[in-house]
Novice: 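The structure follows.
Residue numbers begin at 1 in each chain, while the letters A, B, ... track the order of the sequences. It should be emphasised that the depicted structure is a prediction, and the values quoted were computed from it without experimental measurement. Just the heavy atoms: all of them, side chains too, but no hydrogens, waters or symmetry mates, feed the values below.
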Amino acid sequence: MPNDRYNAREAEPRWQRIWDERGIFATQNADPRPKYYVLEMFPYPSGRIHMGHVRNYTMGDVVARAKRAMGFAVLHPMGWDAFGMPAENAAIERKVHPKSWTYDNIAAMKKQLQSMGLSLDWARELATCDPAYYRHQQKMFLDFLQAGLVERKQSKVNWDPVDRTVLANEQVIDGRGWRSGAVVEQRELTQWFFKISDYAEDLLGALDTLDRWPEKVRLMQRNWIGRSEGLLIRFMLDPATTPNRESELEIFTTRPDTLFGARFMAISPDHPLAQAAAKKNPALAAFIAEAKKIGTAQAEIDTAEKLGFDTGIKAIHPFDPEWMLPVYVANFILMEYGTGAIFGCPAHDQRDLDFVNRYGLGNTPVVCPPDVDPKNFVITDTPYLGDGRMINSRFLDGMSIEQAKEKVARRLENQTRGNRPLAQRQVNYRLRDWGISRQRYWGCPIPIVHCEACGVVPVPEKDLPVTLPEDVTFDRPGNPLDRHATWKNVACPQCGKPARRETDTMDTFVDSSWYFARFTDPWIATAPTDRKAADHWLPVDQYIGGIEHAILHLLYSRFFTRAMKATGHLGLDEPFAGLFTQGMVVHETYRRKDGAFATPAEVTIESAGDERRAKLSSTGETVEIGAIEKMSKSKRNTVDPDDIIREYGADTARWFMLSDSPPERDVIWTEEGVQGAWRFVQRLWRLIGEIAQIDAGPVTRPAEFGPAALKVRKAAHGALAKVSEDIDKLRFNRCVAHIYELANTLGDAIGDVTSPAALTADFAFALREAAGILVQLFAPMMPHLAEECWAALGHKSLVATESWPQLEPELLVEDTVTLPVQVNGKKRAEITVPRDSGKAEIEAAVLAHDAVKRALEGKPPKKVIIVPQRIVNVVA
RNA sequence: GCCCCUGUGGCGGAAUUGGUAGACGCGCCUGACUCAAAAUCAGGUGAUGCAAAUCGUGCUGGUUCGAGUCCGGCCAGGGGCACCA
C-alpha cells in the first residue's frame with residue numbers, strides 16, 4: 001500500500017466534492033420511493049458552529065444516510081434561524097448592519113457544516129430573515145387574524161429592561177430574561193397574541209398520540225399546559241358591605257369538597273371588586289399599590305409574605321345564608337388565572353393556612369385521614385392534602401373527597417339565582433396566550449397599519465411582504481423602526497389617510513414554528529406551502545435537537561401546525577412524529593492558580609497510574625482539574641470543531657460524538673476519547689487495506705463455507721442485524737460497539753491466515769463480504785473513510801448510494817446453544833447442547849455434569865427448571 | 001413545596017427487558033518490535049484470596065427456582081414546574 005496512513009485532510013474534501021458534483025443528496029419531491037423526513041433543529045447563525053451542533057447534525061446525518069441506503073427517499077434539509085437579538089447587539093457594539101452580520105455568519109457556518117460531510121440537500125436552504133421566507137409568515141399572520149387565532153389586547157407583559165422588549169412567559173426563566181438574564185418587570189402594554197390557549201385541550205390530549213416522543217418531553221408539556229378541573233362558584237355578597245352594591249363574587253376552585261372548611265375569601269389586587277373598594281378606602285388603595293410593586297421577579301415572589309387586607313366586604317356561604325366570610329385583597333392571588341378570586345380553606349392548603357395563621361382566622365379540618373380519630377384531628381402548621389373521609393361538613397360527612405366534590409357540584413348546579421346556576425364545572429389551564437410582539441428591529445414585521453379613522457388595518461395581501469428597511473441606525477436605544485419616518489408613516493390601506501405601521505416585529509419563535517413545512521417546497525412564491533409537497537413529506541419522521549426546546553419551540557410548532565391546518569396551509573395536526581432530544585457536550589474545566597480558567601487547547605494532561613494532572617503547555621504551571629460542565633465561553637472549556645476537523649478529520653469527530661455515551665445523555669469530550677476514535681479510523685483503514693490485498697482469484701460465491709469462513713460470515717451478519725436495529729432506535733453508542741466487535745473479529749480472522757494455504761476460496765470470499773458489510777455499516781457514521789475503503793475494496797460505485805446489505809437471517813441461528821447451569825440460582829457449569837434438544841435430554845446432561853453432582857452432594861434435585869435456549873436452574 | 005428521572009469496575013457505559021453482570025471503548029499493567037520514544041502487535045485488568053472459592057449493580061426489606069431488571073421503605077445526584085386556587 002502506498003500510504004499506510006489514512007489522510008483525512010486530503011480525502012474528506014475530495015469525497016465532499018464528488019458527492020456535491022453528482023448531486024446525490026438532492027431530494028426530488030416526485031420521488032416514488034417511501035418518504036423519510038429527518039430534520040435537526042436549525043441553528044441560529046451566531047458565527048461559528050460548536051460541538052453541540054456537531055453532535056446534533058452527526059446524529060441526523062447517520063439516520064439520513066442509513067435510511068437512504070435502506071431504500072427511502074430521504075428529505076434532509078438545512079436552514080438558518082436568522083432573526084434575533086444577537087444581530088442587533090452586534091450592530092450596536094460593532095457598527096455592522098444586522099443583515100450583513102447575519103449573512104456573513106451564515107456563510108462561515110455553512111462552510112463549517114460542509115466540512116463535516118453532512119448529506120444535506122442544500123438546494124432547499126432557507127433563512128428566516130429572507131423576505132422570500134417571512135412574506136409567507138406575514139400572510140399566515142393575516143390568515144390567522146381572519147380565522148380568529150390572533151388577538152390584540154392590553155395585557156400585563158414581561159418586560160426585559162436590558163433587551164428592551166417583551167418576553168413570552170416561556171422565555172422568562174427564574175424571573176429573568178432567557179437571553180439577557182435581566183430581572184424581568186411587569187408592564188401593561190397592547191400586544192399581539194396568538195391564541196394558543198384555544199388549543200390547550202387539543203395540545204394536551206394529542207400528547208398521548210406522540211408515542212415516538214420522549215416521555216419526559218410529553219410530561220413537561222403536560223405540566224406546562226397545566227389542566228385543572230374544578231368548579232366556578234358564585235358567592236352572594238352582603239350588599240350592606242359592598243362599595244357599589246355589587247351582588248356577587250365568582251371564584252374558581254378545584255376543591256369544592258372543602259367548602260365547609262372555608263374561612264375567608266381572597267381576591268386579586270387587580271380584581272374589579274378590589275379596585276372599586278379601593279376608591280372608597282385609601283388604606284386599601286395603598287395596600288394594592290404596594291402589592292403591585294412586588295410580584296414580578298421570581299426571587300421576590302419566593303420571599304414575599306402572604307399579605308392581605310380586609311375589605312370589610314362579606315360573602316355569604318352558598319350552603320348557609322347565615323355564614324359570612326370576610327373578603328380580603330391578597331397579594332398572592334393572580335388576576336390571570338381562574339376568576340382572580342378564591343375561597344380559602346386553610347386546613348387543606350398550605351398557602352391558605354399561612355394566611356389564616358398570620359391573620360388569626362383559624363381553620364376547620366374537613367377531610368380526616370384514614371385511621372385518625374376525627375375528634376383528635378387538628379391542623380396547626382401543616383395542611384392535610386391526602387385522601388380521607390369528610391368531617392365537619394354537614395351533608396357531606398362520611399363521604400370520600402370524590403363523592404363530596406360531586407355532591408357539591410350537583411347541588412350548586414341545580415340552584416339558581418337570577419336564572420343562572422350557582423355553580424358550573426370548568427376546566428382551567430395554566431397555559432397563556434402567546435404574546436408575539438417584540439419591540440426590536442431584526443425580526444419579521446407585523447403586517448398591520450394603525451389608522452386614526454379605521455383603527456387596526458391589515459396590510460393587503462398584494463402589498464406583502466412588508467420588508468424591513470435597511471437604512472437604520474443603532475446609535476440610540478430603542479427600536480429603530482419606531483423612529484424611521486419614511487417606513488413608519490404610510491397611507492392607510494383602507495381610507496388613504498396618513499397612518500402608521502405597526503413597528504413591533506414578531507417573536508423569533510414564530511419563524512421557527514413552521515420552517516419544517518417550508519422545507520418541503522421552499523421555492524413556491526405564491527403561498528407558504530405547496531400542499532402537495534407538504535402533505536407528502538410531513539410529518540417529520542425524525543426530529544432531533546436539544547431538550548432545552550422541550551416546551552418553547554416544540555409547543556409553538558404544534559400550535560402553529562394546527563393553525564396552519566385551520567387556514568388551509570397544512571393538512572395535519574402534529575408536525576413531528578418522532579422526536580429525539582440529545583444530551584449536551586460537556587468538558588472538564590481547568591482553573592489556574594490566579595482563578596482564571598484555561599482552555600483545553602492550552603492544557604496538557606498527564607496521567608500516572610490512576611492520577612490525572614493538568615498543566616499549561618506553555619509554562620508548565622499546574623492547573624486544577626475542575627468540574628465537568630457544559631461547554632461555555634465563560635468557563636472557557638470549549639473545543640472548536642474546526643480545530644478537531646483540521647487535526648483529526650470530520651470522521652473522527654463524528655465517530656467520537658456517537659461513541660460511549662447514549663445519545664440522550666451528556667457526552668464528555670476528552671482528548672483521549674478523540675485519539676481513540678482517530679486510532680480506530682486508522683485501524684479500519686489498515687484492516688480494509690489488508691483484506692483488499694488478499695488475492696484469491698475470481699470472487700465467486702462458493703457452494704459451501706468452511707468453519708473459519710462461517711465464523712466471519714456470522715459475525716458480519718450478526719453485526720448487520722444489530723446495527724440496523726440500533727440505528728433505527730437511535731442507539732448509536734451500541735452501533736459503535738457492534739462495529740468495533742466486527743472489526744475485532746475480522747482482525748483476528750486475518751491474523752489466523754498464516755500461510756497462503758490457509759486462505760481458501762470460501763474464506764477469502766467471506767472476508768471480502770464481511771469487509772464490505774463492515775464498510776457499509778460505518779458509512780453513515782464515517783462517510784469519507786467509508787468511500788475511501790469502498791474504493792480500496794475495488795468498487796467503482798459510491799458507498800453513499802449503495803443499498804444497505806442484505807441480511808441472511810439463517811446465519812444468525814446457531815446449531816448448538818451453550819446454556820448456563822445454575823444450582824439454587826448460582827452458576828455452577830455450562831453445557832453445550834444441540835439447539836433443538838428436548839427438556840429430558842438437557843436434564844440428563846445437566847445432572848450428569850460433575851460440577852452439578854458436586855453441588856448436589858449426591859441428593860436428588862427437587863426440581864429442574866429449563867428455560868429453552870436461555871438457562872437451566874437445578875433446585876436442590 | 002409539587003411532579004419526574006437516574007444511581008452498575010478507575011472512567012464512559014453494555015446486559016436479548018426476570019435468565020451467565022461488566023459487551024465495546026477509554027485509562028492502567030505486562031510483554032514483543034525499537035538505540036529510544038510514538039505508533040503497532042500479543043496478553044491481562046470488578047474486589048478479596050497463593051489457590052479452591054467467596055463477595056459484588058446506592059442502602060434496606062420483600063416477591064421469585066432465579067432480581068441490575070419487579071414491589072415497599074430509605075439515601076444520594078440530576079431535571080422540570082412553582083403564589084395556578
Novice: For A:Arg227, report the nucleic acid contact type (base, sugar-phosphate, nothing); a contact means any heavy atom under 4.0 Å.
Specialist: nothing
Novice: Keeping A:His549 on the side-chain end and A:Thr581 on the backbone end, is there a donor-acceptor pair under 3.5 Å?
Specialist: no
Novice: Would you say the base of B:C84 and the side-chain of A:Arg432 have a donor-acceptor pair closer than 3.5 Å?
Specialist: yes
Novice: Which way is the base of B:G46 turned, syn or anti, if we draw the line at 90° from 0?
Specialist: anti
Novice: Tell me the interatomic distance from A:Ile871, atom CD1, to B:U16, atom P, rounded to whole angstroms.
Specialist: 13 Å
Novice: Give the C-alpha distance, both sets of side-chain angles, the deciding distance and a yes or no for salt bridge (charged side-chain N to carboxylate O under 4.0 Å, His left out) between A:Arg222 and A:Asp208.
Specialist: CA-CA 10 Å; A:Arg222 240 173 244 134; A:Asp208 295 334; 3.3 Å; yes
Novice: Please determine, by modelled atom types, if A:Gln869 and A:Arg835 share a side-chain donor-acceptor pair under 3.5 angstrom.
Specialist: yes
Novice: So, does A:Arg870 get its side chain near the phosphate of B:G66, meaning an N or O under 4.0 Å from OP1 or OP2?
Specialist: no
Novice: For B:G25, does OP1 or OP2 lie under 4.0 Å from any side-chain N or O of A:Asn744?
Specialist: yes
Novice: Kindly label the base of B:U63 as syn or anti, based on whether its glycosidic torsion lies within 90° of 0.
Specialist: anti
Novice: Starting from the C-alpha separation in whole Å, work towards a yes-or-no answer on salt bridge (charged side-chain N to carboxylate O under 4.0 Å, His left out) for A:Glu725 and A:Lys722.
Specialist: CA-CA 5 Å; A:Glu725 193 198 338; A:Lys722 287 182 197 153; over 6 Å; no
Novice: Taking any heavy-atom pair under 4.0 Å as a contact, classify A:Ile865: base, sugar-phosphate, or nothing.
Specialist: base
Novice: Would you indicate what A:Ile333 reaches in the nucleic acid, counting non-hydrogen atoms under 4.0 angstrom: base, sugar-phosphate, or nothing?
Specialist: base
Novice: When the C1' atoms of B:C65 and B:U54 are considered, how many whole Å apart are they?
Specialist: 22 Å
Novice: What does A:Asn733 touch in the nucleic acid at a heavy-atom separation under 4.0 angstrom: a base, only the sugar-phosphate, or nothing?
Specialist: sugar-phosphate
Novice: Which nucleotide, B:U40, B:A21, B:C84, lies nearest any side-chain atom of A:Gln822?
Specialist: B:A21
Novice: For a quick check of understanding: with a heavy-atom distance under 4.0 Å over all strands, which category does A:Gln350 fall into, base, sugar-phosphate or nothing?
Specialist: nothing
Novice: Measuring only the P atom in each nucleotide, how far is B:C84 from B:U64? A whole number of Å is fine.
Specialist: 45 Å
Novice: Would you say the base of B:C65 and the side-chain of A:Asn873 have a donor-acceptor pair closer than 3.5 Å?
Specialist: yes
Novice: Using purine N1 to pyrimidine N3 plus N6-O4 or O6-N4 for Watson-Crick, or N1-O2 and O6-N3 for G-U wobble, each under 3.5 Å, what pairs with B:C81?
Specialist: B:G1
Novice: According to a strict under-4.0 Å criterion, is A:Arg222 in side-chain N/O contact with OP1 or OP2 of B:C81?
Specialist: no
Novice: When you measure only distances, ignoring hydrogens and angles, does the side chain of A:Lys306 come within 3.5 Å of the base of B:C83 through a donor and an acceptor?
Specialist: yes
Novice: Looking at the side chain of A:Asn331, which of B:C83, B:C4, B:A85 is the nearest nucleotide?
Specialist: B:C83
Novice: From CD1 of A:Ile668 over to C1' of B:G12, roughly how many Å is that when rounded to an integer?
Specialist: 6 Å
Novice: When the distance from NZ of A:Lys826 to P of B:C55 is rounded to whole Å, what number comes out?
Specialist: 4 Å
Novice: Base, sugar-phosphate or nothing for A:Tyr740? Non-hydrogen atoms, less than 4.0 Å.
Specialist: sugar-phosphate
Novice: Between B:G13 and A:Arg665, is there an OP1 or OP2 to side-chain N/O distance shorter than 4.0 Å?
Specialist: yes
Novice: Categorize A:Lys216 for me: base, sugar-phosphate, or nothing, with a 4.0 angstrom heavy-atom threshold over every strand shown.
Specialist: sugar-phosphate
Novice: So, does A:Arg679 get its side chain near the phosphate of B:G27, meaning an N or O under 4.0 Å from OP1 or OP2?
Specialist: yes
Novice: Between the main-chain N or O of A:Lys306 and the side-chain N or O of A:Arg351, is there a donor-acceptor pair closer than 3.5 Å?
Specialist: no
Novice: For atom C1', what is the distance between B:G13 and B:G7, given to the nearest Å?
Specialist: 13 Å
Novice: Hunt down the Watson-Crick or G-U wobble partner of B:G12, both distances under 3.5 Å, from any strand shown, or write none.
Specialist: B:C24
Novice: How close or far is atom C1' of B:C11 from atom CG of A:Asp660, stated in whole angstroms?
Specialist: 10 Å
Novice: Heavy atoms only, 4.0 Å cut-off, all strands: where does A:Glu830 land among base, sugar-phosphate and nothing?
Specialist: base
Novice: So, for A:Phe355 and A:Tyr328, is the gap between ring centers shorter than 6.0 Å?
Specialist: yes
Novice: Say we look at B:G46 and B:C33: how far apart would their C1' atoms be, to the nearest angstrom?
Specialist: 32 Å
Novice: Should the ring pair A:Tyr556 and A:Trp434 be called parallel, tilted or perpendicular, given that the plane angle runs from 0 to 90° and is split at 30 and 60?
Specialist: parallel
Novice: Start at the 5' end of RNA chain B and walk down; is the nucleotide closest to A:Gly338 or to A:Glu741 reached first?
Specialist: A:Glu741
Novice: For B:G7, give its Watson-Crick or G-U wobble partner with both distances under 3.5 Å, or none.
Specialist: B:C75
Novice: Without decimals, in angstroms, what is the distance between A:Trp224 CH2 and B:G79 P?
Specialist: 17 Å
Novice: Less than 3.5 Å apart, any donor N or O on the side chain of A:Asp433 or A:Ser197 sitting next to an acceptor on the other?
Specialist: yes
Novice: Paired with B:G66: which nucleotide, if any, by Watson-Crick or G-U wobble criteria at under 3.5 Å for both distances?
Specialist: none
Novice: Please classify the nucleic acid contact of A:Ser659 as base, sugar-phosphate, or nothing, using heavy-atom distances under 4.0 Å.
Specialist: nothing
Novice: Which is true for A:Ser228 with a 4.0 Å heavy-atom rule: it touches a base, it touches only sugar-phosphate, or it touches nothing?
Specialist: sugar-phosphate
Novice: Rounded to whole angstroms, how far apart are CG on A:Asp748 and P on B:C24?
Specialist: 11 Å
Novice: Measuring only the C1' atom in each nucleotide, how far is B:A85 from B:U60? A whole number of Å is fine.
Specialist: 40 Å
Novice: Under 4.5 Å between any side-chain heavy atoms of A:Asn363 and A:Asp352, yes or no?
Specialist: no
Novice: Report the base-pairing partner of B:A32 (Watson-Crick or G-U wobble, both distances below 3.5 angstrom), or none.
Specialist: B:U40
Novice: Taking only the C1' atom of each, what is the distance from B:U20 to B:G58 in whole angstrom?
Specialist: 24 Å
Novice: Hey, which sits more toward the 5' end of RNA chain B by its nearest nucleotide, A:Asn824 or A:Leu334?
Specialist: A:Asn824
Novice: Could you tell me how far apart A:Tyr384 (OH) and B:C2 (C1') are, to the nearest whole angstrom?
Specialist: 16 Å
Novice: With rounding to whole Å, what would you report as the distance between B:G56 and B:U48 at their C1' atoms?
Specialist: 11 Å
Novice: Taking the P atom in each of B:A23 and B:G44, what is the distance between them to the nearest angstrom?
Specialist: 12 Å
Novice: Base, sugar-phosphate, or nothing for A:Val867, non-hydrogen atoms under 4.0 angstrom?
Specialist: base
Novice: When you check the phosphate oxygens OP1 and OP2 of B:A85, does a side-chain N or O of A:Tyr337 lie under 4.0 Å from one of them?
Specialist: yes
Novice: NE2 of A:His348 versus P of B:G1: gap in Å, rounded?
Specialist: 20 Å
Novice: Return the pairing partner of B:A47 with a 3.5 Å limit on both distances, Watson-Crick or G-U wobble; otherwise return none.
Specialist: B:U54
Novice: Describe, in one word, how the ring planes of A:Tyr648 and A:Trp678 are oriented to each other, choosing from parallel (under 30°), tilted (30 to 60°) and perpendicular (over 60°).
Specialist: perpendicular
